[in-house]
Structures are given as C-alpha cells and as structure tokens.
S.K.: 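Handing you this structure, nothing more for now.
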Amino acid sequence: VTRSEYGDTSIKYPLFTDLTDINGKELDRFDKVTLWNGGNDNQTLHFRDALIHELAEERNVDTMASEPCLLFIDGEFWGFYMLRERVDAEHLSNHFGLDEDDVAVIKNGSLDDGVESDLEDFKQFCTWAISANMSNPLNYEKFCETVDVQSFIDYMAIETYVNNSDFASGYMNNWQVWKSKTVHSDIPQANGKWRFVLYDVDISCALYGSEKNMADYDSLGNNNCKSQYFNLPAILKSLIRSDEFRQQFYDSYVEIMNTVFDYSAVDEKITEYVNAYENATTDTLERFSMEWAAKRYPQEEQRIREFFRDRPSYAKRYLDNYCDESKIDFENNLATTNFWSYYGKCEASFNQSENSFTLKVNTAQEKPWNIQSQAKNVLLEKGKTYTLSFKASCSTPCEVSLGFNHNVDGSYPQCWSDEAELTNELKEFTYTFTIDDETYYDWQLYFNYGGTAGTYKIVNPRLVEVK
C-alpha cells in the first residue's frame, strides 16, 4: 500500500507485463499491490495460484495478474515472491473505468467497498437462492436478474475442477464478488449483476497429496458446506434443478475442461513456470533453512503434472453424475432439511442422506411456537394448489401445528395451517391446499414443537404443485 508520507499515493509504473485495461491501455498506476509468498504453496512450487489465474483469464471470472520478483532487504536476499493485483474499487476503476463509489465488493462475507445495504441485500439474496425451487422459471429469472450466471458457472467450474479444498470444505472461505451499481451498456462486466473473482486457489491440484486435492476427488458432489449464508455450493445445488441452468453449466464445464485445462497446453505452461521459477524457489527455500523442501521440488512438479493429466476423466464422470436428471427432485419446492433453521430450547440435527430433521425438546414450553423449525424462502403463488407430504414421529405421542407464514413488518400472517397427530412410529402425512393470498417468495413452512417434551423426527418433506 502506498503512503502519502513517502510522496505520491500511487505507484506509477507498469508493474505487470502486458497488463491492460478494457480498452487495451497499459495499466501503469497502482494504489495497492500484494507481495505474495506463494501462500500454502510456498514450500512446494510457489506458483499454483498464479498458474490457475493465468489459465482462467479468458473466462468470465475476474483474475489477478502476477509478476515475479526477488526481494532484498538492506542488500540481503530475502526470497522469491510474486507481485499480485488486489481486486477492490481502485482495481475495478483502473480496469473498467468505473467510479470507485459506484461499485460494491464483498470478500469472505465482509464488505470491502460499498455500503452496508449492498452486503445485506446480497446476504438475503443468497439465503433465498439456497431454498428456492429453481425448476420454477420465476425463481430462476429472479436469480438471473441479480447474478451474472456465466460468471457464477465459470467460477464454480474452475474451483471444483482444480479441487480447491480451501474454498467450501465445511465452510465458505476465499471467495469474492463485485458489481457495478450502474449498468454500463458498453462495459460487459458492468451489467449491474454480481460477478465472481478467483481468489486464493493455492490449496489445489494435488498440493500436499491430500485426499481432497487429488485428481480423483469429487468436489462437485462432496462440497457439503454448512455455512448458512453465502453458501455457494448450496446455491449451485439449487440451480441445477433449472433445465436452462443445468445445460449451460454442463456445456460450460466441458468447454473449460477442453480449453482452460487442456492437458497439453497446461503441461506446456507448467514447463514454462518451472523453467522460470525453479531456481528462485529452491534458493528461497534454502535461504530459510528448508533444504528438505528444496530437494522435493521435482516430486512436487511431477505431482501437479499428474493431477492435470488424470483429472479430465474423473471430472467428466463427476459432472455427468451431478447433472443426472434421474437424481434431481425437480418438483419439490422445499429446501433439503440440512438448510432448515430452528429456534428455542432444543437440540437439532440433520441427516442429509435421508433428508431428515431431528429435534429434541427436553422441557415443554408455555407456547408451542417457542420452539419452531422453518423451511424458508418458499414461493407460493396465488390460485395454485399444492400438496405437502412428509413422514413424522415423536417419542411422546402429541399434536404439532404446522403451516406457512411470512414476516410482514414483524407480524407473521399465514396462508395455510393444520395439525399433525404424531406417534412414536413414523407415519405419512399428506395435505393439499390452494393459496388464496398474494404470491410471495418468502413463505416459510413451520413446525411448532414447544407443547410437548420429546424427540421429533421429520423425514423427506416435499411440497409439490398440483398440475
């Protein structure tokens, strides 16, 4: 970061070879750059992140340029680094000619540039997108109005192809989005929709030989991120129910496999990187007394080459499985139970394989609704008829109330409600009803458990429109 006490607040020099703005003008002014030590790859090859960014630079995601450099402190060699761009309002202004005050940037769930409402709006949107039934064209249309779909597809395809285990393995990490608040018809990237930025993809491509980074690992099928907000794998899982999206995702993934990650081209690029940086990398490792790591450089080089050699066949198989229509429940308008929320004095758990929700109430409450679960963000349309079905039980036979309501200025009007008589054995429940209220996207299915102590279980809840 440049500082005014040292003179000019910007570095006025073309730090990155051949880096230009959207009009082809050389970029020669920077307020911020990062001196990158290779991240988690700094004791192996040092270049994984830079390599993936360069390979992906022609896709519809934003990438960060890199430039190799050697650092000396008071004349003493201090190692090999990469100068890297930082994607922020200044970066977007430089690259696309946008007003810095007219962009919003969110990084790892925090606001980098913009106003708090930008963050809150995106947070609410992502929460909705997780639960919405994207097989309904109205829901998918709403998604497309807010997110640059091709950017999202390219981002998810790249992250899962390289098996970045520091992205959505248990929780969301190392992700970034931005948008221009004003639509500029002459700037494709400034379309007023959220776009995705590649960021920290160094724990990938067989790094460490870890299971989740290897060529045979299925990131598409196994990114079971538990984040309640900004859960990108859950949004992808929701979107795959849209015929239009699923076809676009499949075609784009195959194209990325055959172009961005074409093995012969990638292998040639790896050779280019190794020839350029091997000596500097091993000198740096030896400088900091890591001779053991320097000796392993040829082994690490072979490992990344083998990853890109072996990855295509595995990735194609996992893609086919992920997009297999026979495994997608297109009709269900409810999110799977692992995305349900709940409140009150209770213990809750989820079983994703059987799509079940279990809730333990130790002490009965004064009001049944003092302990409640919700399946949120359900689209119910006026005049349409729906069937709600599920299996349920309670260790203590009891009656529970259920229905659909939504928040209107702190009150929760209902559009439908009923009861279910539970026993200690699983029973099938089915309800059919027609919506007389106006169409809203934010209805939530609730169950009230506070009236009776016991262990409740709900299995495979489904809400299907009656055609």
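The analysis underlying the following values was restricted to heavy atoms, covering all of them including side chains, and did not include hydrogens, waters or symmetry mates.
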S.K.: Between His406 and Asp442, is there a donor-acceptor pair closer than 3.5 Å when you use the side chain of the first and the backbone of the second?
M.R.: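 Flag not set: sc His406 to bb Asp442 has no pair under 3.5 Å.
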
S.K.: Using atom types as modelled and distance alone, determine if a side-chain donor or acceptor of Asn133 lies under 3.5 Å from a backbone N or O of Ser131.
M.R.: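 The answer is no, because no donor-acceptor pair under 3.5 Å joins these two groups.
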
S.K.: Arg48 side chain to Ser204 main-chain N or O, any donor-acceptor pair under 3.5 Å?
M.R.: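 Yes.
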
S.K.: Tell me yes or no: between the side chains of Ser252 and Gln150, is some donor less than 3.5 Å from an acceptor?
M.R.: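 Yes, because at least one side-chain N or O of Ser252 sits under 3.5 Å from a partner of the opposite role on Gln150.
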
S.K.: Give a yes or no on whether Asp18 atom CG has more than 12 heavy-atom contacts from other residues, nucleotides or ligands under 6.0 Å away.
M.R.: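 Atom CG in Asp18 is not crowded, with 12 or fewer foreign heavy atoms closer than 6.0 Å.
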
S.K.: Counting only heavy atoms not in Tyr314, do more than 12 fall under 6.0 Å of its OH?
M.R.: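 For Tyr314, atom OH is not crowded (no more than 12 foreign heavy atoms under 6.0 Å).
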
S.K.: Would the Phe261 and Phe307 ring centres measure less than 6.0 Å apart?
M.R.: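 No; Phe307 has its ring centre 6.0 Å or more from that of Phe261.
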
S.K.: Name the residue from Asp88, Asp112, Thr182, Leu92 that meets the side chain to side chain contact (heavy atoms under 4.5 Å, CB included) definition with Val103.
M.R.: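 With Val103 as partner, side chain to side chain contact (heavy atoms under 4.5 Å, CB included) holds for just one option, Leu92.
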
S.K.: With distance as the sole test, does Thr284 use its side chain to make a donor-acceptor pair with the main-chain N or O of Phe80 at under 3.5 Å?
M.R.: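 Yes: the side chain of Thr284 pairs with the backbone of Phe80.
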
S.K.: Looking at Tyr449 and Lys360, would you say the former's side chain and the latter's main chain have a donor-acceptor pair under 3.5 Å?
M.R.: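 Answer holds: no.
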
S.K.: Going by an N to O cut-off under 4.0 Å, is there a salt bridge joining Arg305 and Glu301?
M.R.: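 Judged by the 4.0 Å cut-off on N to carboxylate O distance, Arg305 and Glu301 do form a salt bridge.
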
S.K.: Please find out if less than 6.0 Å separates the ring center of Phe125 from that of Phe143.
M.R.: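 Yes, ring centres under 6.0 Å apart.
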
S.K.: Could you go through Asn362 and Glu347, starting from their C-alpha distance and side-chain angles, then the distance that decides it, and tell me whether this counts as side-chain contact (heavy atoms from CB on, under 4.5 Å)?
M.R.: CA-CA 9 Å; Asn362 292 318; Glu347 302 169 25; 3.7 Å; yes

S.K.: Taking the six-membered ring for Trp, is the centroid-to-centroid distance between Phe390 and Phe357 below 6.0 Å?
M.R.: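 No, too far apart.
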
S.K.: If you count heavy atoms of other groups shown closer than 6.0 angstrom to CD of Gln299, is the number above 12?
M.R.: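 Counting neighbours around CD of Gln299, more than 12 heavy atoms of other residues, nucleotides or ligands fall under 6.0 Å, so yes.
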
S.K.: Are any side-chain N or O atoms of Thr160 and backbone N or O atoms of Leu220, one a donor and one an acceptor, separated by less than 3.5 Å?
M.R.: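 Looks like no, no N/O pair under 3.5 Å.
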
S.K.: Just checking, is any N or O donor in the side chain of Asn60 or Asp154 under 3.5 Å from an acceptor N or O on the other one?
M.R.: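 Not at all, the side chains of Asn60 and Asp154 share no donor-acceptor pair under 3.5 Å.
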
S.K.: Lys181 and salt bridge (charged side-chain N to carboxylate O under 4.0 Å, His left out): which single residue from Asp102, Asp113, Asp118 fits?
M.R.: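 So the option named by the test is Asp118.
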
S.K.: Which heavy-atom pair separates Val201 from Ile52 by the least distance, and what is that distance?
M.R.: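 So the minimum-distance heavy-atom pair works out to O-CD1, 3.6 Å.
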
S.K.: Take Glu54 and Lys269 through the test salt bridge (Lys or Arg N to Asp or Glu O under 4.0 Å) and record every step on the way to the result.
M.R.: CA-CA 10 Å; Glu54 182 177 355; Lys269 182 60 68 173; 2.9 Å; yes

S.K.: Short question: side chain of Ser93, backbone of Leu98 - any donor-acceptor pair under 3.5 Å?
M.R.: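 Yes, Ser93 side chain to Leu98 backbone: donor-acceptor pair under 3.5 Å.
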
S.K.: Should Thr127 and Lys376 count as side-chain neighbours, where that means a heavy-atom distance under 4.5 Å?
M.R.: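 Sidechains of Lys376 and Thr127: no contact.
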
S.K.: Does the side chain of Asp49 come under 3.5 Å of the side chain of Trp36 through a donor N or O and an acceptor N or O?
M.R.: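 There is no such pair between these side chains.
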
S.K.: For Leu45, does its backbone N or O pair with a side-chain atom of Asp41 as donor and acceptor, under 3.5 Å?
M.R.: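 At least one qualifying donor-acceptor pair exists.
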
S.K.: Treating Lys193 as the side-chain partner and Cys144 as the backbone partner, does any N or O pair qualify as donor plus acceptor under 3.5 Å?
M.R.: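 Yes, Lys193 side chain to Cys144 backbone: donor-acceptor pair under 3.5 Å.
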
S.K.: For Tyr13, does the OH atom have more than 12 heavy-atom neighbours from other residues, nucleotides or ligands under 6.0 Å away?
M.R.: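 12 or below, so no.
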
S.K.: Any side-chain heavy atom of Ser356 sitting closer than 4.5 Å to one from Lys457?
M.R.: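 A side-chain contact exists here, since the closest heavy-atom pair is under 4.5 Å.
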
S.K.: In terms of relative ring orientation, are Phe16 and Phe30 parallel, tilted or perpendicular, with 30° and 60° separating the classes?
M.R.: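 If you compare the ring of Phe16 with that of Phe30, the planes turn out perpendicular.
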
S.K.: When you compare the side chain of Gln189 with that of His95, does any pair of heavy atoms fall below 4.5 Å?
M.R.: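 A side-chain contact under 4.5 Å is absent here.
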
S.K.: Is the His46-Tyr277 ring centre distance short of 6.0 angstrom?
M.R.: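 That pair fails the under 6.0 Å test.
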
S.K.: Is a side-chain N or O of Asn174 found less than 3.5 angstrom from the main chain of Asp166, in a donor-acceptor match?
M.R.: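 It does hold such a pair.
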
S.K.: Return a table of donor-acceptor pairs under 3.5 angstrom between the side chains of residues 206-213 and protein atoms on other chains or two or more places apart.
M.R.:
residue: Tyr208; atom: OH; partner: Asn40; partner atom: O; Å: 2.9
residue: Lys212; atom: NZ; partner: Ser169; partner atom: OG; Å: 2.9
residue: Asn213; atom: ND2; partner: Asn163; partner atom: O; Å: 3.2
residue: Asn213; atom: ND2; partner: Ser165; partner atom: OG; Å: 2.9
residue: Asn213; atom: ND2; partner: Ile203; partner atom: O; Å: 3.2

S.K.: Any side-chain heavy atom of Glu67 within less than 4.5 Å of one from Leu15?
M.R.: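 Counting from C-beta outward, Glu67 and Leu15 never come under 4.5 Å.
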
S.K.: So do the side chains of Asn108 and Phe230 get within less than 4.5 Å of each other, counting heavy atoms only?
M.R.: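 No; the side chains remain at least 4.5 Å from each other.
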
S.K.: Can you confirm whether more than 12 heavy atoms, excluding those of Lys391, are under 6.0 Å from its NZ atom?
M.R.: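 No, NZ of Lys391 has 12 or fewer neighbouring heavy atoms, counting only those of other groups under 6.0 Å.
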
S.K.: Run the salt bridge (Lys or Arg N to Asp or Glu O under 4.0 Å) test on Asp283 and Arg287 for me, step by step, so that the C-alpha distance in whole Å, both residues' side-chain angles and the decisive distance to 0.1 Å come before the verdict.
M.R.: CA-CA 6 Å; Asp283 287 349; Arg287 160 67 181 80; over 6 Å; no

